**Student:** 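The structure follows.
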Amino acid sequence: MPARRVWRALRTCLCSGCFRSSYFFFIAIIRLRYHQPTKDYAARKTCGGKLEIIRCVKRFIAREAYRALIAIRNGGTGRRTPAERGARLRELRTGHGITQQQVGEALCVPSSRISEIERGKRDLPELERRAIQWIHSITSPKQHTQTLDNV
């Protein structure tokens, strides 16, 4: 079954409010075919046969989905608005005395893009994550001591 049909069926099911086991089966098959960590797991799993592997992958997917839904319900991942996440980035950046220009140059994007993220005008979570990682990497105490040792 082509992946497009599987995802269309899954989206239909999710939108209608039901989530049947057959959709877990479709997701498991797709992951076994294309998702490298799942492929590695199937290669390691030797006893039980293919049906046992699919059963274990379906259980893992169900646990993943449950954790994601509970996190969203409890205000965890997925609840923050782009403006809230942008404010967090701005606070982190200004707290360390770093300009938008410096962040933009480090990530090879215009500084206006960083400004848009901070104001909540653009929702770019991957770029936001990279910016936060970069700020943490240049402001970690370990790196400062290495810089001072080189002087």
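Keep in mind that this is a model prediction, so the values were computed, not measured.
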**Student:** Output the distance between atom CD1 (Ile138) and atom CD (Gln102), rounded to the nearest 0.5 Å.
**Tutor:**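 These two atoms lie 7.0 Å from each other.
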
**Student:** For the hydrophobic clusters of this structure (ILVMFWY residues joined by side-chain heavy atoms under 4.5 Å, transitively), does one cluster hold both Val109 and Ile98?
**Tutor:**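 Yes, one cluster joins them.
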
**Student:** Tell me, please, which residues at least two apart from Gln101 pass side-chain contact (heavy atoms from CB on, under 4.5 Å).
**Tutor:**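 Testing Gln101 for side-chain contact (heavy atoms from CB on, under 4.5 Å), a comparison that skips the adjacent residues, returns Thr99, Glu105, Ser111.
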
**Student:** So with a 6.0 Å cut-off around CZ of Arg88, is the heavy-atom count from everything else above 12?
**Tutor:** no

**Student:** Could you give the distance from NZ (Lys58) to OH (Tyr23), rounded to the nearest 0.5 Å?
**Tutor:** 13.5 Å

**Student:** In chain order, what residues pass the side-chain contact (heavy atoms from CB on, under 4.5 Å) check against Ser112, with sequence neighbours excluded?
**Tutor:** Pro110

**Student:** Indicate if Leu92 and Ile117 have the same hydrophobic cluster label, given that clusters are the connected sets of ILVMFWY residues with side-chain heavy-atom separations under 4.5 angstrom.
**Tutor:**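 Looking at the clustering, Ile117 is in the same group as Leu92.
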
**Student:** When rounded to the nearest 0.5 angstrom, what distance separates CZ in Phe24 from CD1 in Ile27?
**Tutor:**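 One finds 6.5 Å between CZ of Phe24 and CD1 of Ile27.
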
**Student:** Just jot down the salt bridge (charged side-chain N to carboxylate O under 4.0 Å, His left out) partners of Arg85, sequence neighbours excluded, or say none.
**Tutor:** Asp123, Glu128

**Student:** Among the clusters formed by ILVMFWY side chains lying less than 4.5 Å apart, do Phe60 and Ile54 turn up in the same one?
**Tutor:** no

**Student:** For Arg119, does the CZ atom sit with more than 12 other heavy atoms under 6.0 Å from it, leaving out its own atoms?
**Tutor:** yes

**Student:** Do any side-chain atoms of residues 37-45 form donor-acceptor pairs under 3.5 angstrom with protein atoms, and if so which ones, sequence neighbours left out?
**Tutor:**
residue, atom, partner, partner atom, Å
Thr38, OG1, His35, ND1, 2.7
Lys39, NZ, Arg33, O, 3.4
Asp40, OD1, Gln36, NE2, 2.8

**Student:** First locate atom CD1 of Ile135, then atom CG of Leu89, and finally report the distance between them rounded to the nearest 0.5 Å.
**Tutor:**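 If we round to the nearest 0.5 Å, Ile135:CD1 and Leu89:CG are 5.0 Å apart.
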
**Student:** Check salt bridge (charged side-chain N to carboxylate O under 4.0 Å, His left out) between Arg90 and all other residues, then give those that pass, not counting sequence neighbours.
**Tutor:**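 Arg90 satisfies salt bridge (charged side-chain N to carboxylate O under 4.0 Å, His left out) with Glu118 once adjacent residues are dropped.
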
**Student:** Nearest 0.5 Å, what's the CD-CG distance between Glu126 and Leu107?
**Tutor:**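 One gets 10.5 Å once the value is rounded to the nearest 0.5 Å.
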
**Student:** As an exercise, state the distance from CD1 of Ile61 to SG of Cys56, rounded to the nearest 0.5 Å.
**Tutor:** 11.5 Å

**Student:** Quick one: salt bridge (charged side-chain N to carboxylate O under 4.0 Å, His left out) partners of Glu52, sequence neighbours excluded?
**Tutor:** Arg55

**Student:** Would a hydrophobic clustering, with Ile, Leu, Val, Met, Phe, Trp and Tyr connected at side-chain separations under 4.5 Å, put Ile132 with Leu124?
**Tutor:**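 Linked within one cluster.
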
